[in-house]
Asks: 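Once you've had a glance at the structure underneath, I'll fire off some questions.
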Amino acid sequence: MQSSQSTIVYNKKIADNYFKMRLSWSALEVRPGQFVMLRVSDGLDPLLRRPFGIFNVICAKRGTGFSFKRPTGVEILYHVVGKGTAILSSKKPGERINVLGPLGNGFPEPEDARNVIMVAGGVGLAPMLPLAQRLKAGVLLFGARHKADTKIIAGFSGLGCRIRFATDDGSRGFKGFVTGLLADEIKPDSVIYACGPAPMLKAVALMAHRAGIRCFVSLESAMACGIGVCLGCAVKAAPLQAGYEAGVFRMVCSDGPVFDSMDIDWDTL
Amino acid sequence: MQSSQSTIVYNKKIADNYFKMRLSWSALEVRPGQFVMLRVSDGLDPLLRRPFGIFNVICAKRGTGFSFKRPTGVEILYHVVGKGTAILSSKKPGERINVLGPLGNGFPEPEDARNVIMVAGGVGLAPMLPLAQRLKAGVLLFGARHKADTKIIAGFSGLGCRIRFATDDGSRGFKGFVTGLLADEIKPDSVIYACGPAPMLKAVALMAHRAGIRCFVSLESAMACGIGVCLGCAVKAAPLQAGYEAGVFRMVCSDGPVFDSMDIDWDTL
Amino acid sequence: MIKKAKPKAKIDKKAGDALSIEIAGLKLRNPVMTASGTFGYGSEFAPYTNLEKIGAIIVKGLSLMARQGNPSPRIVETPCGMLNAIGLQNVGVENFIRDKLLFLRMLKTPVIANIFGETVDDYCEAAKRLEAAGGVAGLEINISCPNVKKGGILFGTDPHEAHKVVKAVRDAVKLPVITKLSPNVTDIRVMVMAVEDAGTDAITLINTIPGLVVDVERRRPVLANVIGGLSGPAIRPIAVRMVWEAKSVAKVPLIGSGGIISANDALEFILAGASAVQVGTANFLDPDAAVKTAAGIADYCKRHRTTVKALVGAMKTGQ
Amino acid sequence: MIKKAKPKAKIDKKAGDALSIEIAGLKLRNPVMTASGTFGYGSEFAPYTNLEKIGAIIVKGLSLMARQGNPSPRIVETPCGMLNAIGLQNVGVENFIRDKLLFLRMLKTPVIANIFGETVDDYCEAAKRLEAAGGVAGLEINISCPNVKKGGILFGTDPHEAHKVVKAVRDAVKLPVITKLSPNVTDIRVMVMAVEDAGTDAITLINTIPGLVVDVERRRPVLANVIGGLSGPAIRPIAVRMVWEAKSVAKVPLIGSGGIISANDALEFILAGASAVQVGTANFLDPDAAVKTAAGIADYCKRHRTTVKALVGAMKTGQ
Ligand SMILES: Cc1cc2nc3c(=O)[nH]c(=O)nc-3n(C[C@H](O)[C@H](O)[C@H](O)COP(=O)(O)OP(=O)(O)OC[C@H]3O[C@@H](n4cnc5c(N)ncnc54)[C@H](O)[C@@H]3O)c2cc1C
Ligand SMILES: Cc1cc2nc3c(=O)[nH]c(=O)nc-3n(C[C@H](O)[C@H](O)[C@H](O)COP(=O)(O)OP(=O)(O)OC[C@H]3O[C@@H](n4cnc5c(N)ncnc54)[C@H](O)[C@@H]3O)c2cc1C
Ligand SMILES: Cc1cc2nc3c(=O)[nH]c(=O)nc-3n(C[C@H](O)[C@H](O)[C@H](O)COP(=O)(O)O)c2cc1C
Ligand SMILES: Cc1cc2nc3c(=O)[nH]c(=O)nc-3n(C[C@H](O)[C@H](O)[C@H](O)COP(=O)(O)O)c2cc1C
Ligand code: FES
Ligand code: FES
C-alpha cells in the first residue's frame with residue numbers, strides 16, 4: 001500500500017482499443033481482485049487518478065497460497081474509453097507513471113477452487129487473471145461484443161481452468177449474453193466470482209440468488225481517492241446481510257471492490 | 001495566415017534547455033521577424049497557445065527579395081522556461097502540433113543591408129536568423145549568459161554577417177552586456193534590429209536614440225490570441241511619433257512584434 | 001430585421017432546420033454565437049473561419065467614447081482558464097460605426113453590439129447611436145464586466161441598478177436587447193427577475209468571475225489591475241449551474257457562456273436551459289471553434305433525431 | 001493545548017522557526033493543514049505520508065448524528081477540478097469520539113474537528129461533545145457546504161444566520177473556533193465582518209463553489225444530487241481573490257483553501273493575506289501533497305531569507 005513512481009516496461013495494443021501495460025513496481029503482497037490508481041498525466045487535466053484492476057503480477061518466484069508476495073512488476077489491461085485511457089495508450093516504454101496501490105479487498109479465497117465459476121464481461125476480465133492463476137481450476141465464462149475483443153483472453157490458457165465464450169454477435173462461442181452460459185454451469189456448491197458491466201453483474205447476482213449459491217462481484221464506480229476518504233465511490237448496501245446495516249453506503253474502493261452479491265442493493269445500480 | 005495541424009520533423013536539444021524543432025508547414029509568404037503560435041497540448045492545461053519566433057523557413061527554392069515564399073516547413077528555437085516549453089521539449093518526431101501563423105508584422109526591409117546592426121539577447125536570437133539570411137550582410141551582436149548558451153548561434157555562420165559575442169561571465173567574447181559591443185559599431189547611417197529581454201531592448205533603444213539612428217525592436221508580451229482580438233498583449237505607445245496617438249496601447253501580436261523604438265513608451269516596460 | 005431574416009431562412013432550409021433558433025426576435029441559423037471581447041470586430045477571424053456559419057457575432061464591448069484600457073500585463077493563464085483585465089479597451093461607438101460596421105454589414109450573420117458605460121445615459125446614448133447606424137441586429141448590455149473599478153460591477157450585482165440601466169436602454173431603442181449578467185452574486189435568480197422585469201428580451205450568463213493570480217517570486221499580482229476576470233473551461237460547471245438556476249425562474253430565452261470548447265460543452269448549457277450559447281476563450285485556442293461547435297451540435301441532433309429547440313432545458317432530474 | 005504545544009515547539013526549533021505560525025491560539029509547526037473531507041479521519045493517510053509533518057489535520061465534517069449522505073454518482077471530474085455531492089456522509093460525533101479520536105490523540109499534530117448541522121442547536125451540541133471528549137485542538141464550523149439542500153447553504157449566504165450560529169458555538173465552547181465561509185456570496189467582506197462580530201477566532205475561505213455537469217448522452221445531471229461543489233485548481237484564482245478581499249477588512253487570521261497543489265499555490269494565498277492554508281483535492285492526486293507543500297514553503301523561506309509570518313499579506317499592489 002503505497003504511492004510510487006513506476007516505469008513503463010511496455011504498453012502494447014492487444015486488441016481494438018485494448019492495451020496491456022507493464023510497470024516496474026514493488027509491493028509487499030497483492031491479492032487477486034485488488035486494483036491500483038494511476039496518475040495518467042503530471043498535468044492538471046485530467047486531474048484525478050484512474051483506477052485499474054491488477055491484471056498480472058510479476059514475481060521473482062511464483063510462490064504459493066492465494067496471494068502474490070513481493071512483486072517486482074504489475075500489468076494492467078485497459079480499454080480506451082475516454083481522455084485518461086487515451087493518454088495512457090500514448091505512453092512509451094521508459095516513461096514514468098505514479099501508481100497508488102495495491103488497493104481494495106480483493107476476492108475471498110474459495111474453499112474448493114474446482115467449484116469456482118468466473119464470469120467476466122469485456123475488460124472485466126482483468127481481475128480474473130490473478131484469480132485464475134491462483135485457483136488453477138474452475139471455469140471462466142467470458143462475454144465480449146465480438147470475436148475481435150476475445151483476443152484479450154490470451155494469458156488464461158494453460159492455467160487449468162476451462163474457458164467458454166459468449167459474444168453478442170455469436171462470432172465466437174455462444175451467441176448472446178454470458179449469462180446464457182451460466183445456467184448449465186451452476187451446481188449446488190458452485191461459487192461465482194464476477195466482474196463486468198453493472199447490468200451483467202445484476203443478472204449474474206440474480207441467477208446466483210435463485211440457485212441459492214454464493215456470488216462475489218467486483219464493482220466499478222467513479223473514484224477520486226481510492227483509499228476510502230473522499231466517500232465518492234459509494235454503493236448502497238442491501239437490507240441487513242452479513243452484518244451490514246440496511247441502506248448504509250459502502251465504499252467500492254475500501255469496502256470493495258469485491259462484494260458479496262447479497263450485500264448490494266441492486267435496485268440502486 | 002492560417003491555423004493548421006503540422007507534423008514534427010525533429011525536436012533536437014542544441015544547448016542546455018535550448019531546443020530546435022522543425023515542423024512540416026505550408027504558408028504563402030513569411031517575413032523575417034514574424035512568429036507562430038503553437039498549441040503545445042491538445043488537453044486543456046496549459047490552455048493557451050504559446051508564441052515562438054520563426055527561426056528558420058524551409059523553402060523548395062531559396063528565392064530572392066526580403067521575404068520567403070511558399071515555405072514547406074518552419075523551425076523554431078525555444079528555451080525551456082515553464083510548463084508549455086517543457087511539454088514541447090518532450091515531443092517526438094511524427095507527433096502533430098497545431099500552428100497558427102505566420103503572425104505579426106516582421107522587420108522592415110533596410111535601405112542598405114550593410115548598415116544593419118542586429119542585437120540579440122538569449123533566445124531573442126530566433127527571429128534574427130531569417131533576417132540574417134535575407135540581409136547577407138551587417139553585424140550580429142549576440143549576448144548570452146555564458147559560452148554554453150552561445151551554441152545556438154550555429155546556423156548564422158557563412159551568411160555574410162559578422163558575429164560578435166558578449167557573455168555575462170566573459171566565457172566567450174566580450175565580458176558583460178551585449179550593449180557593451182554596440183557603442184563602437186554604431187555609425188551615423190546604422191540601423192539597429194534588436195530582440196531580447198526588455199531591459200536589453202531598453203538600453204539598446206536609448207543608445208540608438210542618443211546616436212540619432214533608427215532602431216527596430218521585437219517585443220514580447222503574454223499572449224492569448226496572437227491575432228489582435230483579445231487585446232491582452234498591449235504595450236503603451238510613446239508620445240506622438242510616426243502618427244501614433246500618445247499613450248494609446250499597441251498590440252504586440254498585430255501592431256508588432258516589431259516596433260520603431262521611438263514609438264514605445266519605455267517607462268512602462 | 002425582416003430584410004436580413006429572409007436570406008438566413010434560406011440557409012436554414014439547406015442546413016436543415018434542426019439548428020435554427022429564434023431569440024429575442026433574432027432568427028439564428030444555429031445557436032452558436034461568438035462571445036464579446038474574444039472575437040474582435042469579426043473581420044480578424046475571416047482568414048481562419050467561415051463567418052457565415054456562425055449563429056451570431058457579438059463584437060468587443062463598446063462604450064460611447066473610445067477607451068484605452070488597463071496597463072499590461074492584462075492576461076495570465078490559470079489552470080484550465082485565464083484571467084483578463086483588458087479594462088474594456090475599445091474604439092468607441094463612433095469609430096466602430098465608421099470603420100468596422102461596413103465589413104460586418106456585408107455578412108448574412110447577425111451582428112450583436114455589446115455595450116457598456118459608466119452611467120445609465122452612457123448606455124442609452126451608445127444604444128441609440130448603434131441603432132441609428134443600422135446593420136446591428138441586436139444589443140447585448142454588459143452590466144457585469146468585473147475588470148473596471150468604476151461602473152460595470154455595481155450595475156451587475158445590485159438588482160435595482162441593473163433594473164434601472166436595462167429599462168432605460170429598453171425604452172431608448174427598438175432593437176432586441178440582451179442583458180449579460182455577472183456571476184458574482186449570491187442568487188442569480190434575483191438578477192434574472194430584475195432584468196426581466198426591466199424588459200430585457202434575453203439574458204446571457206455568465207460573464208467572467210473575478211480572480212487573482214500572485215507572482216510569488218515578485219510578491220506582486222501578475223496583472224497590473226490586480227484582479228482579472230476568470231474565463232475558460234475552469235468555470236464551465238459554475239456557468240452551467242447558473243443557467244440551470246436561472247431557467248427555474250426565467251421567462252425570456254437564456255444564452256449560455258462560460259468555458260465552451262466543444263459541442264458537448266455547448267449541449268450541456270442547452271440541456272440545462274440555454275436557447276443559444278457563446279464561444280469565448282476557445283476562439284483563442286482555435287479560431288474555427290465556433291463553427292466546429294455548431295457542426296458538432298448538428299451531428300448530435302442528427303444522431304439523436306432531434307432539434308436544438310427540443311433540447312433547450314431538456315435535462316431530466318430526479319429518478 | 002499547552003501540553004501539546006511543548007513538543008511541537010521542539011520540532012519547530014529543529015525545522016527552524018520560519019514555518020511556525022499561531023492561529024486562534026493554535027501553535028502550528030507549519031501553515032499547511034489538510035482540508036475537511038479530503039483527508040478522512042487522518043489514519044487513512046498514515047501509510048502514505050508523515051502525519052507529524054502536517055500543520056494541522058482537519059477531519060471530515062461531523063454532525064451530531066451519523067449521516068448516510070447522497071446516492072451515487074457523488075463525484076465527477078471537471079476541467080482542472082471536480083464536483084462532489086457527498087451529502088456530508090459521516091459517522092457522527094459519538095462514533096468519531098469512540099472510534100477515530102484514539103488514533104488522532106496519539107499524534108502531536110493538532111486535530112481540528114469540522115462540524116455542521118441543520119439547526120443552531122445541532123452545531124452547539126456537536127461542539128460541546130467534541131470539547132468534552134478532549135484531544136480536539138479546535139473546531140472549524142462549516143456554514144458553507146453547498147451539497148445539502150437543507151441546512152448549510154442558508155447559514156453560509158446570510159450574514160445574520162451566519163452570525164447566529166457562530167456566536168452560539170463561540171459561547172458554547174472554549175476551544176478555538178474557525179468559521180469556514182461559502183464563496184457563493186456577492187460580497188465576501190460582509191460575511192467576514194459578520195462572523196468576526198460573532199467572535200470567530202479565524203476564518204477559512206473558500207469552500208467549494210456550486211457547479212453542474214450534464215451527461216449530454218443521457219440528458220441527465222451526472223451527479224444524483226444534480227448540483228455538486230467545485231474544488232481543485234480550477235477555483236484557485238477565485239479563492240485567492242476572495243482571501244485578498246477578505247484581508248482588506250479582516251482582523252482575525254485567514255486560512256486559505258481552494259485548489260492548492262503546490263507550495264507556489266500555497267504562497268499565493270499567504271501573500272494575499274492567509275496565515276495558513278488547507279490542501280484538499282490535492283490529497284487525492286498525491287497523499288503526500290500536504291507535507292510536500294510545507295517542504296516547498298520551507299525552501300522558499302530559506303531562498304528568500306524570510307518567514308511565513310513575514311509573508312502573510314506581503315503582496316504589494318500599485319506601482
Ligand atoms: C475498481 C475499478 C477497477 C477498474 N479496472 C479497470 C481495468 O482493469 N481496465 C479498464 O480498462 N478499466 C477499468 N476500470 C474502469 C476505468 O477506471 C475507467 O474506464 C477509466 O477511469 C476511464 O477514464 P477515462 O479518462 O479514459 O474516461 P473518462 O473520460 O473519465 O470517461 C469516459 C467514459 O468512461 C466512463 N467512466 C469514467 N470513469 C469510470 C469508472 N471509474 N468506472 C467506469 N466507467 C467510468 C465515463 O462515465 C465516461 O462514459 C476500473 C474501474 C474501477 C472503479
Ligand atoms: C512574439 C513572441 C515571440 C517569442 N519567440 C520565442 C522564441 O522564438 N523562442 C522562445 O523560446 N520563446 C519565445 N517567446 C517567449 C515564449 O512564448 C515563452 O517563453 C513561452 O510562452 C513560455 O511558456 P511556458 O508555458 O513554458 O512558460 P510559462 O509556464 O507560461 O511561464 C514560465 C515563465 O515564462 C514567462 N513567460 C510566459 N509567457 C511569456 C511570454 N509570452 N513572453 C515572455 N515570457 C513569458 C512567465 O512569466 C514565467 O516566468 C516569444 C514570445 C513572444 C510574445
Ligand atoms: C480577453 C477577454 C475579453 C473580454 N471582453 C468582454 C467584453 O468586452 N464585454 C463582455 O461582455 N464580455 C467580455 N468578455 C467575457 C466573454 O464574453 C465571456 O462571457 C467569458 O469569457 C466567458 O466565456 P468563455 O469562458 O467561453 O471565455 C471577455 C473575455 C475575455 C477572455
Ligand atoms: C470530496 C470532498 C469532500 C468535502 N467535504 C467537506 C466537509 O465535509 N466539510 C467541509 O467544510 N468541506 C468539505 N470539502 C471542501 C474542502 O474542505 C475544501 O474546502 C474545498 O475542496 C476546496 O479546496 P481544494 O480545492 O483544495 O479541494 C470537501 C471537498 C471535497 C472535494
Ligand atoms: S474513491 Fe474516495 S472513497 Fe472511494
Ligand atoms: S495576443 Fe490577443 S491581442 Fe495580442
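Because only heavy atoms are used, hydrogens play no part in the values below, and waters and symmetry mates are left out as well, while side chains stay in. Just so it is clear, the structure is predicted and the values come from calculations on it, not from any experiment. Residue numbers start from 1 in every chain, and the chains themselves are labelled A, B, ... in the order their sequence lines are given, proteins ahead of strands.
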Asks: Heavy atoms only: give me the nearest Cys233(A)-Ser72(D) pair and the separation to one decimal.
Replies: C-OG, 4.4 Å

Asks: For residues Cys80(D) and Leu47(A), determine if any side-chain heavy atom of one lies less than 4.5 Å from a side-chain heavy atom of the other.
Replies: no

Asks: Flag the one option from Thr268(A), Asp45(A), Asn98(A), Leu231(A) with the top tally of heavy-atom pairs under 4.5 Å to chain D.
Replies: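 It is Leu231(A).
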
Asks: Please flag which part of Leu269(A) lies under 4.5 Å from any non-hydrogen atom of chain D: side chain, backbone, both or neither.
Replies: neither

Asks: Side chains of Arg49(A) and Phe284(D), heavy atoms from C-beta outward: is any pair under 4.5 Å?
Replies: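 Counting from C-beta outward, Arg49(A) and Phe284(D) never come under 4.5 Å.
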
Asks: Is it the case that atom CG in Asp42(A) sees more than 12 heavy atoms from other parts of the structure closer than 6.0 Å?
Replies: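 It does not: Asp42(A) CG has 12 such atoms or fewer within range.
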
Asks: For the interface with chain D, which of Gly226(A), Pro46(A), Ser221(A), Gly228(A) has the highest count of heavy-atom pairs at distances below 4.5 Å?
Replies: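 Winner by heavy-atom pair count: Pro46(A).
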
Asks: Side chain, backbone, both or neither: which part of Pro233(D) has an atom under 4.5 Å from a heavy atom of chain A?
Replies: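 Contact with chain A is through the side chain of Pro233(D) alone.
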
Asks: Assess whether atom CZ of Arg96(A) is packed by more than 12 heavy atoms of other residues, nucleotides or ligands within 6.0 Å.
Replies: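 More than 12 within 6.0 Å, yes.
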
Asks: Where on Thr49(D) is there a heavy atom nearer than 4.5 Å to chain A: the side chain, the backbone, both, or neither?
Replies: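 Neither part.
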
Asks: What I'd like to find out is whether the side chain of Thr38(D) reaches to under 4.5 Å of the side chain of Val229(A), using heavy atoms alone.
Replies: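 Counting from C-beta outward, Thr38(D) and Val229(A) never come under 4.5 Å.
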
Asks: Does CZ in Phe177(A) sit with more than 12 non-hydrogen atoms of other residues, nucleotides or ligands closer than 6.0 Å?
Replies: no

Asks: For Tyr41(D), is it the side chain, the backbone, both, or neither that has a heavy atom closer than 4.5 Å to a heavy atom of chain A?
Replies: neither

Asks: State plainly whether the residues Arg50(A) and Glu77(D) are in salt-bridge range, i.e. N to O under 4.0 Å.
Replies: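 Judged by the 4.0 Å cut-off on N to carboxylate O distance, Arg50(A) and Glu77(D) do form a salt bridge.
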
Asks: Let me confirm one number: the CD1-SG distance from Ile75(D) to Cys225(A), rounded to the nearest 0.5 Å.
Replies: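 So the gap between those two atoms works out to 8.0 Å.
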
Asks: Looking at chain A, which one of Ala234(D), Pro287(D), Pro79(D), Ala66(D) has the largest number of heavy-atom pairs inside 4.5 Å, strictly under?
Replies: Pro287(D)

Asks: Which answer fits Met223(A), side chain, backbone, both or neither, if we ask what part of it has an atom under 4.5 Å from a heavy atom of chain D?
Replies: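 Contact with chain D: backbone only.
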
Asks: Looking at every non-hydrogen atom in both residues, tell me the closest pair between Arg74(D) and Gly232(A) and how far apart they are.
Replies: CB-O, 3.7 Å

Asks: Determine whether Leu100(A) and Asp286(D) satisfy the following criterion, side chain to side chain contact (heavy atoms under 4.5 Å, CB included), listing intermediate values before the conclusion.
Replies: CA-CA 9 Å; Leu100(A) 181 68; Asp286(D) 178 1; over 6 Å; no

Asks: To check you understand the geometry: which heavy-atom pair defines the closest contact between Ala224(A) and Met82(D), and what is its length?
Replies: CB-CE, 3.9 Å

Asks: State the SG-CZ distance between Cys230(A) and Phe39(D), to the nearest 0.5 angstrom.
Replies: 14.0 Å

Asks: So does Lys202(A) have more than 12 non-hydrogen atoms from other groups sitting under 6.0 Å from NZ?
Replies: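 It does: Lys202(A) NZ has more than 12 such atoms within range.
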
Asks: In terms of heavy-atom contacts, does NE2 of His146(A) have more than 12 from other residues, nucleotides or ligands at under 6.0 Å?
Replies: yes

